[in-house]
Amino acid sequence: MAVLGRCRTLSGQRASRSCGILCVLLVVQWLGPSLYANDGRYRVLMLHAFNFNFPATTRIADAARQRLMEISPREIEFDADFLDLARVADPEHERRTAEFLRQKHARTPPDVVMTLGSAALPFILKYRDVIAPNIPVVFTSISAHNYAAQRLPPDVTGIISEFNLDKTLQLAERLQPDARQLFIIAGSGPTDRLWYAKARSVVESRAPKFEATFLFGLPYEKLVAELSRVSPDAIVILLTVFADSQGKSFIPADVAKSLSALSPAPLYAPYETYLGQGSVGGFVETFESVGMAAADLMMEVLAGNDAETLPPRTNRAQAYRVDVRAMNRWNLPEGRLPAGTTVLFKRPSIWEQHYHLVLAAFFAFALQTLFAAALLVQWQRKLRAERLLKESEERITFAAASANIGLWQFDSRSNELWATEHCRALFGLDEKLPLTHETVLSMVHPEDRRLAIAALRDAPQGTGGVGSEVRIVLPDGQTRWIRVRAHPHSDDRGSIHLLSGVFIDITEQKMAEAEARLQREEVTHLVRVSTLGELSGAIAHEISQPLTAILANAQAALHLMRQETPDLTEVEQALEEVVHEDNRAGEVIQRLRKLLRRGERRSERIDMNELVRSTLALLNSELISRRITVKTDLKEGLPETLGDPVQLQQVLLNLLMNAMDAMGGTPVSQRFIVIATRVDRARGIEVVVQDRGVGIRLAERARLFEPFYTTKSHGLGLGLSICSTIVQAHGGKLSLSNNEEGGGTAASLSLPAQKILLAAE
Amino acid sequence: MFTVFLVDDEPAVVKAMSRLLRARGYDVRAYTSPQDFLANHDDAVPGCAIFDVSMPGLDGLELQEAMTSAGGARPVIFMTGKGDIPTSVRAMRAGAIDFLTKPASDRDIFGALARAEQQDHAARQVRAEKAAIAAKIATLTPREHEVLALVVAGRLNKQIAADLGTVEKTIKVHRSRVMAKLGVRTVADLVRMVGKVSSSP
């Protein structure tokens, strides 16, 4: 509204300023000639046939004056005299007037005389020599008919007016195609009489069409009476009424106004001045155009052209002009108007009268419309954005639910938890139960609750997403694995109260992982068992040794006891050895049972040297039977490592078996395996098993750890693949390479030391 | 006195076995290394050997070969922790008394030892007889040696004389000297005696 108010003020200022300028112009215009009177000025005398109150001539005079002021290179002094000949039809009056004019203009005769109204021309011609001899005359308001009737001197020129009855009648015919009755009105004055013959000839040219009534030369009262009786579907054409048959003079425009008001039928006229007085209109020339044409002609005369070389001209600016109010009054359809018709009084008055108000109102309205439109657009955009947002949200929710993901947001200040419906499904919650922070936490498995609380508590400290995996216990006792990811949002001040995140159901994943782990353990176990199967002979031997000793000792004891004087010391020793050897056998069996057992991976402290020795003990017989000598180089004081002894022994067993297998073709004297332990560069533990076997061919290198790939005629091809998996699970590394010297392979098993592992935890 | 030469890389087994064998009155010489055994083996001592099949360096079968090639002729009993058939077949072909799977019962062990003792005894008798015959043959002159060979080959005196380019009478003299030196009366006894030693290399 502030904008609006300012606008209104602005236009008000502009309006008052333009009013002021107009006033100054008018004052200058009117004061101009007297203030700047000098000899360089043109003098124009406008000679009106009628009095000052005659509209037609006044309009012509005004237009001519305006035009002259526009186009004249010099100042112009205008003068005007009103002969009033129509009202005072008296030769004496003419003479007196002529005398008056002579005296008036004797000192400063005009440069040109312009006549207005047809009666002014005969007057000036008659008294020109009296008033201003040889003064050029430019006439107006002379019809072609009138012009032809007068014999004008060659230095008299002017604008011949065309008051076109024919075309005016054509307009009437167009607007009232069904009209048959035609009334034509003219008065009794000299000018009025000029119309009689013309009117008759125009009507006669359409002879059979109309029943024409010529209301010519009637007393005014009679005329009024006649006219008021005409049928509404007739055509009335008003020509001029300057005087009635009783000598009463009239101003034709006033007559037009009166007659239009009382005429039951549409009233047409070929005069512009009647427009706006109630007549429908006709084919007319505007008096302004007459004035302007006369001004142009006068300018040529004033510029020094001989009037004799300037013949009279016809005013070309003629057109159909109608008063829309009159048309409406007589129900004449606008659609029938000829093309190019000028329609006047088409309700422009509101605009004209309340220009500023209308403008302001319009502006305000436009502004309001604009606001409304903008709001509408905004609203629609908002709606669209809301719709898009809703769709997007639906999409995300759907996608999240499809992926078994629940979305949530938690405000730590209000302790409020927002969550998608899918969260409810994930937690198996009844619709009646509120989905709150407490509800969710209470469902977390007791063992994981601390982890869940810590994850939520620590999330704000994290920069990115935080993830932890917790178990939840559903109301029906089922356990479900949920991965919680949280993302902190910081507010303007950088503090974090808002956490958003997802709940992902990873139960299936966990189950699959568990199953895979189980399968891996199964395979690992199977491979271990199959390795031991290969060693069955050697292992049997390993057990049979203590058994042999036990049996022999026991039998020896029996034999000794049967003797007459048993050597009891010897018997005791034998029995002691029985116990000792039984223990030994037990150890072997224990070792085997460990290797054959299936079970979850354990984590124990491991002395790698001890593990190497124990493995070698297991392989002792096999090594002997394969004629292989093992050299050990075990570093004393090796740090301990953490791991599953069974699995790591499996790895050692496998590496040693591979080394043994590799040396099948090696001469007995060179069948060596060197097994060494040391602290590696990363302060972890390294076990190296070197053989003097065939080594690794280049083509095999890339596939060594591939499952089911084997270079042996026996074996599953799973050994190294599983060893590698085991070592990786221990955070270690297993690599194979060919020895630089003496051929054969070196297998390196690196494991982190316990300290490092503990530090890492 | 019958001696058992026991070789096993496992000290506990050696110790226990020794104790058992001694309790039954055997003389036991125990070794935990095959090389040790070979270095100290006295073939003249009557007895048998018990070898463990699976030993580092030399296995039982190789040890037997090594012993035999060194001139030892002693019955061998093998003991093994894993009684695989190919190894046992190889051992039996090599003249093993028995192939016992550990842990072996004392009955099996002593049965095998009894057979071994018998065989060793018999072998030693044969070897002694052969040695006696060989000693007698060694007393023959080269000419008598030639005549003996031809007699054993079944040639007549006349034919031998022709072969050796002499007369029958001379051959008869040689023949009677050979018979006398070897202590035999008939040609048949002579042939049997020579036959006993000719089988040996």
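For the numbers below, each heavy atom of this structure counts, side chains included, while hydrogens, waters and symmetry mates do not. Order of the sequence lines sets the chain letters (A, B, ...), proteins ahead of strands, with each chain counted from 1. A quick note: this is a predicted structure, and the numbers were derived from the prediction, not measured.
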- [ ] Please look at A/Q555 and chain B and tell me whether the side chain, the backbone, both or neither of the residue comes under 4.5 angstrom of a heavy atom of that chain.
- [x] both

Open item on the list: Using heavy-atom distances under 4.5 Å, tell me whether A/L551 contacts chain B through its side chain, its backbone, both, or neither.
Closed with: side chain

- [ ] Report the residue from B/V151, B/L150, B/L164, B/L156 that forms a side chain to side chain contact (heavy atoms under 4.5 Å, CB included) with B/I171.
- [x]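 For B/I171, the side chain to side chain contact (heavy atoms under 4.5 Å, CB included) test succeeds with only one of B/V151, B/L150, B/L164, B/L156, which is B/L164.
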
Look at [options] and state which one has the largest set of heavy-atom pairs under 4.5 Å with chain B.
{"options": "A/R562, A/E581, A/Q545", "result": "A/Q545"}
{"options": "A/E542, A/H541, A/Q563, A/Q573", "result": "A/H541"}
{"options": "A/A556, A/S536, A/A554, A/S621", "result": "A/A556"}

Using non-hydrogen atoms only, which part of [X] is less than 4.5 Å away from chain A: side chain, backbone, both, or neither?
{"X": "B/R19", "result": "both"}
{"X": "B/A12", "result": "both"}
{"X": "B/S18", "result": "neither"}

Task: Non-hydrogen atoms of A/S625 and B/S54 that approach each other most closely - done: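 Here A/S625 and B/S54 meet closest at N-OG, 4.3 Å.
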
- [ ] Hey, could you give me the CG/CD1 distance between A/N654 and A/I722, rounded to the nearest 0.5 Å?
- [x] 8.5 Å

Open item on the list: Within the structure provided, determine whether A/L616 and A/T632 are in side-chain contact (heavy-atom separation under 4.5 Å).
Closed with: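 With C-beta onward as the side chain, the pair touches.
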
TODO: Assess whether atom CE of A/M561 is packed by more than 12 heavy atoms of other residues, nucleotides or ligands within 6.0 Å.
DONE: no

- [ ] Classify the side-chain pair B/R115/B/Q118 by whether it contains a donor and acceptor separated by less than 3.5 Å.
- [x]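 Not at all, the side chains of B/R115 and B/Q118 share no donor-acceptor pair under 3.5 Å.
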
